[in-house]
Amino acid sequence: MREISYRQAIQEALWEEMGRDPEMLIFGEDIGLYGGAYAITKGMQEEFGPERVRDTPISEAGTVGIAAGASVVGARSVVEIMYIDFITLAMDQIVNQVAKMRYMFGGKVEVPLVLRTQGGAGRSSAAQHSQSLERWFLGVPGLKVVMPATPYDAKGLLKTAIRDSNPVIFIEHKLLYNTKGQVPSEEYTIPLGQAEVKKEGADLTIISYSRMLLYALEAANKLKEYGIDAEVLDLRSLQPLDRETLVASVKKTRCALVVEEGCKTGGVGAEISAILTENCFRGLKSPVRRVAGEDVPIPCSPVLEKAAIPSVDQIVRAALNSQKYQKQI
Amino acid sequence: MDPKVEKELYSMMLLIRRFEEKVLEVFSFGKLAGRMFHVCIGQEAVPTGVCSVLKPDDYITSTHRGHGHFIAKNADLKRMMAELYGKATGYCKGKGGSMHIADIELGHLGANGIVGGSFGIATGAAYASAFRRDKRVTVCFFGEGAANQGIFHESLNMAGLWKLPIVYVCENNFYALSTPLERSSATETLAERAAAYDMPGQVVDGMDVAAVRKAALEAVNRARAGEGPTLLECQTYRFYGHSRGDGSVYRTKEEEEFWKARCPVKTFGERLVAEGKLSLQEMEELEKDIEERLAEACAFADESPYPSLDSLYEDVFVEGSGN
Ligand SMILES: Cc1ncc(C[n+]2csc(CCOP(=O)(O)OP(=O)(O)O)c2C)c(N)n1
């Protein structure tokens, strides 16, 4: 084990997989000499050449289409979409082509494509550079959606995503790149669709993923002061979703809180909450609660931006409310 | 050209230059909201020349590198600076910031954080003008990098097809972030793409404000006369990195020096002085006046309050509409 950053973990996964599969390609804007907007592909073009690490024009739709075409004929591809906000330009390719090809063609093709991108707020980058759009892809059968919170998961999950024969949307968080964590020096992969209990607890389950997982852990720590023993669950992959672990945890704690950065309406929390209601209704001691972003575009001004996304305090308060609710009954 | 106009062009370019320098300065003091500031230092001749031939109610759309466009469209510097500070008194109440500044009353339909995001908006404004026969012209500013988005082709095709009153002004600074034009465009110039959309396309010296103004005047007149769109490719250069923190490793020092020697503000100023149209004293007075205006703008922004938390929920929808 050594301590490396989330950024380094992603870099290692890409370098290792490029070395492993000589036909693998990477496409993206400014990923060559410049090394990418978040410096993920630094040095890769020099190492693997400009054909395998391809700088593209600002043409997200065309680039995703081209990478999909290359993948379908066997050249496993990764596309870096600089901000998830720009994935909108490629939505036809993703939703109508990539996601459905295999099914429409009766299982005749494989689309080993990874769309790597980063989302999230926190840098006053305003409405078109701060969104959390993962929710959109959950309703599109045929796509996998992975959102790691730690360096260890980022590396292991990205390697698996690249080796997967299905299209995967791999969403990083811009504020996680400099976070650090323990990562083995040896080769490892992590299967997609396995949630992880990050902290065991008895009183309630806080369910989260990506950057909000760090908030959830902090909140769990604070909750100790109130005598509340929270379990914290990292979903890691939203599609496939690890329903078993999710349901088992909530059956145990009988109380659940879902935390996500994106806005509340139509969010991931709505889906999780429905699953929990379907599966744990009788055991629940209080309604499943959601802490999520406000239903507004992300504003530029730092004071407003901060108020638009969840805070640790909000999570603590929601957890306390759930506990109070139980006592009232 | 009328010497009065020439002076105005010079003073506008100087204002944009000094504004951008002020932005970099106050940014370094941590005053601004966020870190995405794309200054247009080196490119001042393009917004200045183009907007100098527009009427107050003509429309423009802008880009992430848009401070110059807005200033040239007569933005109030105080409200503009306040927006960059993320303050409630800003043009967009602090919600938009540098990349999303807009003012419909000034005909400014918005900067954009999405490269290529305004082709459709601009073309639609021109469509409405054609339909209403209101004689307004729309100018769509964009960087050469944006010309590789699908919507560039879709919009120019429709504008050419329907002969819309619009001028597409490409600010070709030869780099889209780190990517040079020759590695992103199959054609050597953007202007030659105009042929595909049945509109005139012209390469313009974007470091020469007089040349920009002349080309823009012809294109705007054509548009106003109902003769259809034009694509102007103004060749220019950004003297700084793409945004703060970009060390421009993808360009050579020689290339940068070559372009800096052609600085649009300096060369035009020197020309006016040499031709006896502007005295050194007038130049100094201009500098002083601009310095004062910018100091006032910053003071205003500084003293303005941040938006109230209630405002977070305002402006998502038009209240009371749809009932
Ligand atoms: C759809 C989209 N893709 C990528 C980006 C990231 N990005 C911002 S500016 C820029 C370069 C734009 O180049 P150009 O249009 O030539 O304008 P310039 O910056 O040179 O003024 C890129 C790639 C973006 N904002 N939007």
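Computed from a prediction, not measured in an experiment: that's the story for all the values here. Chain A is the first sequence line, chain B the second, and so forth, proteins listed ahead of strands; every chain is numbered from 1. Every heavy atom of this structure was used, including side-chain atoms; hydrogens, water molecules and symmetry mates were not.
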Applying a strict 4.5 Å limit to non-hydrogen atoms, the region of A:A61 in contact with chain B is neither
Interface check, chain A: of B:L312, B:D315, B:I151, B:V316, most non-hydrogen pairs under 4.5 Å belong to B:L312
| In this structure, are over 12 heavy atoms from other groups packed under 6.0 Å from A:E46 atom CD? | no
| Aromatic rings B:H64 and B:H38: how do their planes relate, parallel, tilted or perpendicular, breaks at 30° and 60°? | perpendicular
So, the part of A:E305 with a heavy atom under 4.5 Å from chain B: the answer is neither
Does A:E260 form a salt bridge (charged side-chain N to carboxylate O under 4.0 Å, His left out) with A:R135? I'd like the steps, not just the answer. CA-CA 10 Å; A:E260 72 185 296; A:R135 66 193 53 222; 3.8 Å; yes
So, the part of B:S308 with a heavy atom under 4.5 Å from chain A: the answer is backbone
Does a donor on one side chain and an acceptor on the other come within less than 3.5 Å for B:Y168 and B:Y197?
no
Check whether the side chains of A:E60 and A:Q93 place a donor and an acceptor atom closer than 3.5 Å, and report yes or no. no
Highest number of heavy-atom pairs under 4.5 Å with chain A among B:S178, B:S184, B:G245 belongs to B:S178
Given the options B:Y240, B:Y237, B:F239, B:W259 meets ring pair (Phe, Tyr, Trp, His ring centres under 6.0 Å) only with B:Y237
Greatest number of non-hydrogen atom pairs under 4.5 angstrom with chain A, of B:P307, B:A176, B:G97, B:A146, falls to B:P307
Of the listed B:G96, B:G90, B:S185, the one with the largest count of heavy-atom pairs under 4.5 Å with chain A is B:G96
Comparing B:V249, B:I114, B:V115, B:D246 against chain A, the one with the most heavy-atom pairs below 4.5 Å turns out to be B:I114
